[in-house]
Amino acid sequence: MAMPYNPQQLEGKWQKFWNEQGTNKTAEDSSKPKFYCLEQFPYPSGRLHMGHMRVYSIGDVIARLKRMNGYQVLHPMGWDAFGLPAENAAVKFGAQPAKWTYENIDFMKNQLNRLGVSIDWSREVATCSPDYYKWTQWLFLTFLEQGLAYRKRAFVNWCPECSTVLANEQVIDGLCWRCDSEVTKKDLEQWFFKITDYAERLLTDLDNLPGWPEKVRTMQKNWIGKSEGANITFTIPELDNEEVTVFTTRPDTLFGVSYMVLAPEHPLVPKLIAGKAEEAKVLAFVEEMKKESDITRTSTDAEKVGLFTGAYAKHALTGEQVPIWVANYVLLDYGTGSVMGVPAHDERDFAFAKKYDLPIHVVINPEDADVLVEEIGVDAAFTEDGTMINSGQFDGMPNREAIKAIADHLEKEGKGGLTTTYRLRDWLVSRQRYWGTPIPIIYCDDCGVVPVPKDQLPVTLPEDVVIDGKRNPLTSSEDFLHTTCPTCGGKARRETDTMDTFIDSSWYYLRYTDSQNKEMPFSKENADKWMQVDEYIGGIEHAILHLLYSRFFTKVLHDAGMFSFDEPFRSLLTQGMVLKDGTKMSKSKGNVVSPDEMIEKYGADTVRLFILFAAPPERDLDWTDTGVEGSFRFLNRVWRLVESHSDLIKTGQVVNAQDDAAKELNRTTHYAIKKVTEDIGERYTFNTAISTIMELVNKLYTYPETSDRGTLAFGLENLIVLLAPIAPHIAEEMWQMIGKSGSVHNQEWPQFDPQALVLDEVEIVIQINGKVRDKMVVANGLSKEDLEKHVLATEKAIALIDGKTVRKVIAVPGKLVNIVVG
RNA sequence: GCCGGUAUGGCGGAAUUGGCAGACGCGCGCGACUCAAAAUCGCGAGGGAAACCGUGGGGGUUCAAGUCCCUCUACCGGCACCA
């Protein structure tokens, strides 16, 4: 009696079974190689969307395959549980952030289980739990001990909508990464992590990450923004020879300097203008600049606006008077916050000099005879290479050489030298928000800034607070605020800022290796055992943010002796988005497909199969209803196939002759094993693995009833095993159906037999002058010479040559024979 | 402006090492089964009447190019008054 495929019924049954059997627990067995498979953990926003389904389906296929392949696999899950939406929910619905968050976690955990993801829940972490954030605080203090956490007053990014400061990485095109509000500047004292100390290592070590997509490495390179040049120190005679240093990538043009520009916020500006006629005007300009947002200020089309300060500097080498200006296009926090102006050899300086009628000195003579020295600075700047002129002792030198020569000379004179600048800024880590890890710092009137001793952690986040969305409730929580100084025992108050949630997520993958540890964030032994993450799967949106921060954390903790590796993620897979009708799913567009409804309708196996089959993982995936139907149809097809032969394996094999059909099926089965193993295990092209499985199914369907039953049984059995990582529930059910004992997921992954792949005969292509003219079946394994001889002797070949002169014959065994005639 | 990526039938995509372009699936058409439909099973198809032409355009290397080289275009993404 045929039973229809009923995913709703069988999926729940097997999920319960796996749970009871502990099938998904990390099976520690040091005789096996380890594999750490990790997908980016979700923010518990409420429910999982299709993007989540995709990332966890991908990760689960890999984890399941590696387990069957004989690895001890670590495949954990957790929750990036601190963050603003919980506070917003508190304002909107009056829910307590903790309660709201944990309810969401429960719901989403259930969704993940319904997808059949093989997670070891015994290692689950939630960043908002005191058991976790205690160690986040511990690590903060470690950064402090290492001299990598510090407090400074600075013009920082401020999101008015989120009422908090932001790191540079969290400002995307001048807008807040979370809410898209325009980011403004605020002068505040804040906590920073010294990621700039690691800029060079973060950059060069990208070359040691061949398992990362080129795209992500390039994005990080761009973000770090290394720039090599020189610092050059000018003096200001009227300010008692006070020094001002500029950064330039073109020290070779030093003799062409005709002015200097400081950023409006530059600390020297007030001194320069004090008591001058220009004072009022410049001050007003500076105030105006401070108000302008970064987008308007730094956009390429913005007009370059500057003002003369009335002050002059003394040129570092010539001693000439150089007028000092302030201008909107010079940024305080890049380089030294001041630049030298060389209009003859820089486009931007040229435009500025033309606008304000500043002198233009040519100091490089073009090699190209078409460019006349007299014309440089008339219509355009000359930015190419050439020979030094008007540059004293450096005249006649190629300008590339002069870069080093001038820098060396400056260094000898104590006026600068070669240097490297990075675009990367220190990571602003404090946030004026409630739902985050409290920064473990105490302020004492007598002792100053005092870290909370590590043995007093955690600094617990109070839950009895009123959240109005306007101000950080910690600032008015009397119990939280008032404490005693750990040093002197006197009255003191706590830091009320919390940490950027990106700190929480910068080390969670380490906690999984030892999530129950009560003494340390993790032991060196466990970290070294499981790390690095062998495959990390997540969205491209974290190419800079989370992935850069995590690399930074790993390097710092490595340097602190906490483990021996210094990159967290050996290999990175960035999955594309899930689209519908060509655009990202969104409520406003009304094109959201609910994972719950899909699982309800077709079962998790169909959803997984479709997601993996519709596109390779890196590409965007367009959700189509007909495609899902197709995947469902395929599973039904497999189900009927196995069911109709379920007795075959149970009742023992009936072996007939090894006819051609049997040989071919045997070959197809072994080929499928080879292909699926490579595609899932190495190439991560799940779509082609699935098409190979489909081909096997098609072959099994057309297999003659009179052919060898043992070969058929072998094909069916392997079909189920190959399908197991992709569609785990149906595979388990069919495994049982054919009378096998134990879980299919505990089976050893099959190995293909290379002998079985060898064909007796092969079809080769006959080309004339590179064009396909005919096909021919020949014995396999012919040498080049024999193949050529054999083919040329055939009537077909003689007819094709048609009496023309054979100039050349190229024979590729197993593929083709190309006859070049003339 | 600099850097990275992508471009293949009606659609998603395959071709891993330079060797039959279009596997597999969706959609479509035809047939079988059925009173009929659905489901299922089977068959068919890049374009063109054909010679031939076909992997964004143009050029090149090669016996042979989706694949290698040069060049251009379009789209996606990163960085950007960065000194």
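If you're wondering where the values come from, they're calculated on a predicted model, not measured in any experiment. We name chains A, B, ... by the order of the sequence lines, and we start the count at 1 in each one.
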Problem set entry | Axial cation check for A:Tyr329 ring with A:Arg348, 6.0 Å and 45° limits | no

Problem set entry | Heavy atoms of other groups near A:Lys355 NZ, more than 12 under 6.0 Å | yes

For this session: Without swapping roles, check the side chain of A:Arg807 against the backbone of A:Val820 for a donor-acceptor pair under 3.5 Å.
Result: no

Exercise. For A:Glu347, which contact category applies under a 4.0 Å heavy-atom criterion: base, sugar-phosphate, or nothing?
Worked result: nothing

For this session: Assess the side chains of A:Asn231 and A:Thr245: does a donor N or O sit below 3.5 Å from an acceptor N or O?
Result: no

Problem set entry | Test item: A:His345 side-chain N/O and A:Thr383 main-chain N/O as donor-acceptor pair under 3.5 Å | no

Exercise. Side-chain donor or acceptor of A:Lys808 under 3.5 Å from a matching atom on the base of B:C63?
Worked result: no

Exercise. What nucleic acid atoms does A:Phe634 come within less than 4.0 Å of, heavy atoms only: base, sugar-phosphate, or nothing?
Worked result: nothing

Problem set entry | Nearest-nucleotide comparison on RNA chain B, the residue closer to the 5′ end among A:Asn636 and A:Val772 | A:Val772

Problem set entry | Residue pairs passing the salt bridge (Lys or Arg N to Asp or Glu O under 4.0 Å) test where at least one lies in residues 251-260 of chain A, sequence neighbours excluded | A:Arg250-A:Asp252

Exercise. Hey, does A:Asp622 reach any base, or is it just sugar-phosphate, or nothing, if we go heavy atoms under 4.0 Å?
Worked result: nothing

Exercise. If you look at every strand shown and take non-hydrogen atoms under 4.0 Å, does A:Pro213 touch a base, only sugar-phosphate, or nothing?
Worked result: nothing

Exercise. Under 4.0 Å: is that the gap between some side-chain N or O of A:Tyr329 and OP1 or OP2 of B:A83?
Worked result: no

Problem set entry | Touch class at under 4.0 angstrom, heavy-atom based, for A:Val765 against every strand present | base

Exercise. When you match A:Glu678 and A:Asn698 each to their closest nucleotide on RNA chain B, which lands nearer the 5' end?
Worked result: A:Glu678

Exercise. Can you pull the side chain to side chain donor-acceptor pair (under 3.5 Å) pairs that have at least one residue in residues 330-339 of chain A, sequence neighbours excluded?
Worked result: A:Asp333-A:Arg425, A:Thr336-A:Ser338

Can you give each donor-acceptor pair under 3.5 Å made by side-chain atoms of residues 417-424 of chain A, sequence neighbours left out, with the distance rounded to 0.1 Å?
from: A:Tyr422; atom 1: OH; to: A:Glu200; atom 2: OE1; distance (Å): 2.2
from: A:Arg423; atom 1: NE; to: A:Trp223; atom 2: O; distance (Å): 3.3
from: A:Arg423; atom 1: NH2; to: A:Trp223; atom 2: O; distance (Å): 3.4

For this session: Of all the heavy-atom pairs spanning A:Val363 and A:Thr253, show the shortest one and how long it is.
Result: CG2-CA, 4.0 Å

For this session: Ignoring backbone atoms, establish whether A:Asn687 has a side-chain N or O less than 4.0 Å from OP1 or OP2 of B:A14.
Result: yes

For this session: Give one of base, sugar-phosphate or nothing for A:Arg807, where a contact means two heavy atoms less than 4.0 Å apart.
Result: nothing

Exercise. Does B:G9 sit syn or anti, given that only angles within 90° of 0 count as syn?
Worked result: syn

Exercise. Thinking salt bridges, do A:Lys784 and A:Glu788 make one under a 4.0 Å N-O criterion?
Worked result: no

Exercise. Counting only heavy atoms not in A:Lys601, do more than 12 sit closer than 6.0 Å to its NZ atom?
Worked result: no

For this session: Enumerate, in order of first residue number, the stems that involve RNA chain B, defined as 3 or more consecutive Watson-Crick or G-U wobble pairs with both distances under 3.5 Å.
Result: B:1-7 with B:73-79, B:10-12 with B:24-26, B:28-32 with B:40-44, B:56-60 with B:68-72

Seminar exercise, completed: Expected list for residues 214-224 of chain A near RNA chain B, using heavy atoms below 4.0 Å, is A:Glu214, A:Lys215, A:Thr218, A:Met219, A:Asn222, A:Trp223

Exercise. Where along residues 623-631 of chain A does a heavy atom fall under 4.0 Å from RNA chain B?
Worked result: A:Thr626, A:Gly630

Exercise. Under 30°, 30 to 60°, or over 60°: which ring-plane class applies to A:Trp639 and A:Tyr5, parallel, tilted or perpendicular?
Worked result: tilted

